Amino acid sequence: MSKKEISSGAEKAENLTRKKSNTKANKAKKNAKPAVKNTANKKPEKTAAKAEKKVKAAKQVSEKKLKKQKEREQKKLKAAKLKVERRQARLEKRLQHRQKRLEAIAAFKQKAAERREKRRERRDMLKQETKEARIQRKKEERAAKVEARVAKHKAAVAERQAKREHALKVKAEKRAANKEKQKTPGFGGWLAAVISLGVTSLALGTMLTFGWMNMNGMQADMASVHTQSLYELNSIVDNLDTNLSKARVSNSSNDQVRILSDIAVESEMAEVILERLPVDTQLTQNMTSFVNKMGDSAQSMLYAVANGKKLTASQKASLEYMYDMNLEMKRVLNELTATASAKDMLKAMKGKECNISASFGNLENNTIETPKEIHDGPFSDSIKKVSAKNLEALEEINATRAEELAAKYFEDYNLTNVRCTGETVAEQLECYNLILETNDGEMMAQLSKKGGKVVMFNSYKDCNSKNFSVERCIDIAQDFLDDLGFDDMKPVWTSENGTTCNLNFAYEDDDVVFYPDMIKVKVCEERGIVTGMEGISYVLNHIDRNAGKAKISESQAKSAVSPLVEIKASRLTVIPFEDNEALAYEFYGNYGDQTYYVYIDAKTGEEIQIFTVIGTAQGKALM
């Protein structure tokens with residue numbers, strides 16, 4: 001082998017070894033180069049800032065963790081507290097429930113002990129009570145229940161009436177407020193001076209148009225109120241139909257008391273609504289009279305049943321009659337409410353012919369007839385004349401004088417104030433309305449403008465017990481009329497309704513009773529004072545007049561009476577007859593269990609009137 005080849009191979013090996021070493025060194029240098037470069041180039045400040053940032057971030061994380069930990073602890077505390085409160089509330093509720101239960105048990109034991117004591121007292125009382133006392137006690141208990149039921153119904157009626165009046169008052173106030181808001185504002189002096197005549201005329205026309213529209217609105221409101229009253233009347237008549245149909249067939253005294261009390265109250269409500277409707281009184285006179293008598297008849301039957309008595313054949317016949325008449329009223333009113341419109345009501349308000357006036361006219365003329373039966377005395381509702389001749393020559397008083405006279409007439413009632421609230425017309429008699437205030441409440445009276453005569457008086461305080469006899473009540477009423485200047489008045493009829501005595505007085509002259517000159521008086525049997533008086537018949541009819549002389553004797557007149565009637569008493573009377581007055585003999589007697597009044601013309605000897613009395617248990621004639 002040549003030297004050249006040997007050296008060449010060694011060189012190659014050496015070169016290869018050197019190359020590998022260089023490659024490794026380069027690699028190591030390459031790897032170490034960046035680190036040496038980064039370390040050399042980074043500034044000390046940046047490194048410290050970065051470290052501080054890391055420390056700050058770590059601190060924030062730690063604070064957040066601490067805050068969340070605190071929130072979790074607070075939630076746990078709150079939940080624990082709420083849990084304790086709920087547990088405490090449950091415990092308190094259990095304690096309250098337990099306490100109530102113990103109180104209920106104690107109250108039950110107390111009531112049981114009271115019941116045992118009452119039963120023991122009742123047994124002792126029954127052992128000592130006689131049969132007559134027991135019967136009387138039961139009658140009084142039944143009467144007390146009846147009075148309580150009637151009082152409850154009347155209170156409900158009064159409450160409903162008060163609500164209706166309040167609603168009407170509120171509507172009137174709203175209308176007045178709206179009218180005040182809508183008034184045309186005035187103009188200033190300088191502006192009025194420069195307004196032309198044409199603009200003034202236009203403003204005047206606008207005001208007149210507004211006034212017309214406002215008046216129409218008020219009329220529409222009133223028509224709505226009257227329509228509602230018509231619907232109420234229809235509903236009441238429907239209820240009366242139901243109760244009257246029950247009363248016809250009921251044999252239970254408890255049911256009869258309930259039904260008859262409902263009829264009495266509903267009749268009173270119907271009468272009030274009839275007087276409120278915008279219909280001529282001539283078209284509702286018979287209907288109002290029928291409803292009034294129906295209520296009084298029901299009340300009379302009610303007290304008879306409450307006292308343990310059975311309804312008589314006449315009273316049952318009255319129920320049949322009332323049912324038939326009310327059924328026809330129901331039919332007409334149902335048709336009327338279904339067909340009447342707002343225009344009809346507006347026409348009725350203006351007094352024009354319409355469906356409403358026609359329906360009431362048909363009822364008045366063709367259907368409703370008041371039966372010739374009396375419950376509160378003969379001719380108690382007869383008002384024939386339309387002018388007070390006895391007052392024509394008297395001086396007309398003013399409101400101040402009316403207040404002075406009322407204070408004088410009723411000075412025994414311990415009045416605290418008297419005030420005149422306005423004027424009214426009763427049967428074409430002009431009167432002042434007065435409120436009489438006392439410590440016990442208010443009373444109401446009406447005095448005629450001519451002469452200042454008392455036409456009506458009413459006190460609203462109830463009577464709850466009986467302390468005065470009928471005879472004493474008659475004396476009290478007689479003194480009351482004497483103090484008011486009504487002389488020569490004779491009591492002709494008396495009736496009792498619970499704790500009130502109702503009396504009719506008629507003018508008497510030369511032993512002749514003048515029934516047209518009648519005054520009704522109501523006396524409270526608890527306090528022994530007059531609580532009501534109605535003298536419109538007397539004021540309208542009373543004049544100094546000669547009754548005339550009878551052309552036949554009393555015995556001749558008696559022969560004209562049916563022999564079936566057992567006559568008990570008689571007297572000479574003047575009665576209203578065919579829009580006039582007639583001198584007649586009055587005969588009072590019985591046939592069977594029925595009481596009759598028969599009137600024989602004292603000049604011709606003919607029978608001109610006959611009445612049958614209902615509710616004889618509460619009413620009787622005073623001969």
Side-chain angles (χ1 to χ4, degrees), residues 151 154-155 157-159 161-162 165-166 169 272 388 390-391 394-427 429-468 472-487 489 491 497-505 518-540 542:
K154 287 185 176 181
V157 171
E159 183 179 359
Q161 181 67 18
E165 291 177 355
H166 177 70
K169 183 178 179 181
V272 171
N390 192 38
L391 304 182
L394 299 180
E395 180 184 358
E396 183 173 310
I397 64 173
N398 56 26
T400 303
R401 180 56 180 162
E403 292 175 351
E404 294 174 354
L405 289 174
K408 178 182 177 182
Y409 291 147
F410 301 98
E411 59 182 353
D412 293 339
Y413 288 79
N414 299 321
L415 302 180
T416 58
N417 186 34
V418 178
R419 68 179 190 273
C420 180
T421 60
E423 301 179 14
T424 187
V425 176
E427 297 292 339
L429 180 66
E430 294 182 347
C431 303
Y432 287 111
N433 293 328
L434 297 115
I435 296 296
L436 315 176
E437 297 180 4
T438 68
N439 292 327
D440 295 333
E442 291 185 347
M443 303 182 295
M444 195 266 281
Q446 286 183 346
L447 269 63
S448 63
K449 294 184 71 174
K450 284 289 188 71
K453 297 291 184 180
V454 178
V455 177
M456 187 276 292
F457 162 67
N458 195 16
S459 171
Y460 301 105
K461 189 171 182 179
D462 293 332
C463 300
N464 301 313
S465 60
K466 181 174 180 177
N467 300 322
F468 292 83
R472 182 67 184 118
C473 290
I474 293 174
D475 293 337
I476 293 170
Q478 189 83 63
D479 293 340
F480 176 82
L481 294 178
D482 290 341
D483 292 340
L484 295 183
F486 298 110
D487 301 325
M489 301 301 293
N497 290 330
T499 57
T500 301
C501 184
N502 299 292
L503 298 157
N504 291 356
F505 287 80
M518 182 178 289
I519 299 177
K520 302 177 186 178
V521 182
K522 181 170 64 175
V523 180
C524 175
E525 294 178 338
E526 177 187 6
R527 292 170 287 160
I529 61 172
V530 174
T531 57
M533 172 262 187
E534 190 266 295
I536 186 69
S537 295
Y538 179 93
V539 175
L540 288 176
H542 180 68

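This is a predicted model, so every value here is computed, not measured. Heavy atoms only: backbone and side chains are in, while hydrogens, waters and symmetry mates are out.
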* Looking only at heavy atoms, what is the nearest atom pair of Leu436 and Ala445, with distance? -> CD1-CB, 4.1 Å
* To do: Supply the atom-to-atom distance Ile519 CD1 to Ile536 CD1, rounded to the nearest 0.5 angstrom.
  => 11.0 Å
* **Expected output: side-chain Glu534 to main-chain Lys520 donor-acceptor under 3.5 Å** => no
* Structure fact -> Shortest non-hydrogen pair, Glu525 vs Cys501, comes out as OE2-CB, 3.5 Å
* **Exam field: side chain Tyr432 to backbone Ile397, donor-acceptor pair closer than 3.5 Å** => yes
* To do: Give, for atom NZ of Lys466 and atom CG of Asn464, the distance between the pair rounded to the nearest 0.5 Å.
  => 15.0 Å
* From CD (Gln446) to CD (Glu430), nearest 0.5 Å -> 12.5 Å
* Kindly determine whether Tyr409 and Phe457 satisfy ring pair (Phe, Tyr, Trp, His ring centres under 6.0 Å), including the steps that lead there. => CA-CA 11 Å; Tyr409 291 147; Phe457 162 67; over 10 Å; no
* Which atom of Cys473 lies closest to which atom of Leu503, heavy atoms considered -> O-CD1, 3.7 Å
* Euclidean distance, Thr416 OG1 relative to Asp440 CG, rounded to 0.5 Å -> 10.0 Å
* Polar side-chain atom of Glu403 near backbone of Cys420 as donor-acceptor pair, under 3.5 Å -> yes
* To do: Please report the shortest heavy-atom distance between Asn504 and Met518, naming the atom on each side.
  => ND2-SD, 4.0 Å
* To do: For residues Val521 and Gln478, determine if any side-chain heavy atom of one lies less than 4.5 Å from a side-chain heavy atom of the other.
  => no
* Over all heavy atoms of both residues, which pair between Val455 and Ser448 is shortest? Give the atoms and the distance, please. => CG2-N, 3.9 Å
* To do: With side chain to side chain contact (heavy atoms under 4.5 Å, CB included) as the test, would you mind laying out the steps for Met444 and Ile435 before giving the verdict?
  => CA-CA 5 Å; Met444 195 266 281; Ile435 296 296; 4.1 Å; yes
* Below 4.5 Å, heavy atoms only, C-beta onward: do Lys453 and Tyr538 meet side chain to side chain? -> no
* To do: Could you walk me through whether Ile529 and Phe468 pass the side chain to side chain contact (heavy atoms under 4.5 Å, CB included) test, one step at a time?
  => CA-CA 10 Å; Ile529 61 172; Phe468 292 83; over 6 Å; no
* Asked: Could you walk me through whether Asp412 and Phe480 pass the side chain to side chain contact (heavy atoms under 4.5 Å, CB included) check?
  -> CA-CA 10 Å; Asp412 293 339; Phe480 176 82; over 6 Å; no
* Structure fact -> Rounded to the nearest 0.5 Å, the CG atom of Asn458 sits from the NZ atom of Lys522 at a distance of 5.0 Å
* Between Arg401 and Glu404, is there a salt bridge with N-O shorter than 4.0 Å? -> yes
* For the residue pair Leu415 and Met443, establish whether any side-chain heavy-atom pair is separated by less than 4.5 Å. => yes
* To do: Determine yes or no for a side-chain-to-main-chain donor-acceptor pair under 3.5 angstrom, with Thr438 supplying the side chain and Asn414 the backbone.
  => no
* To do: Search all heavy atoms of Leu434 against all heavy atoms of Thr421 and return the closest pair with its distance.
  => N-OG1, 4.4 Å
* Structure fact -> Rounded to the nearest 0.5 Å, the CD1 atom of Ile476 sits from the CZ atom of Arg527 at a distance of 11.5 Å
* For the side chain of Thr499 and the backbone of Cys463, is there at least one donor-acceptor N/O pair under 3.5 Å apart? -> yes
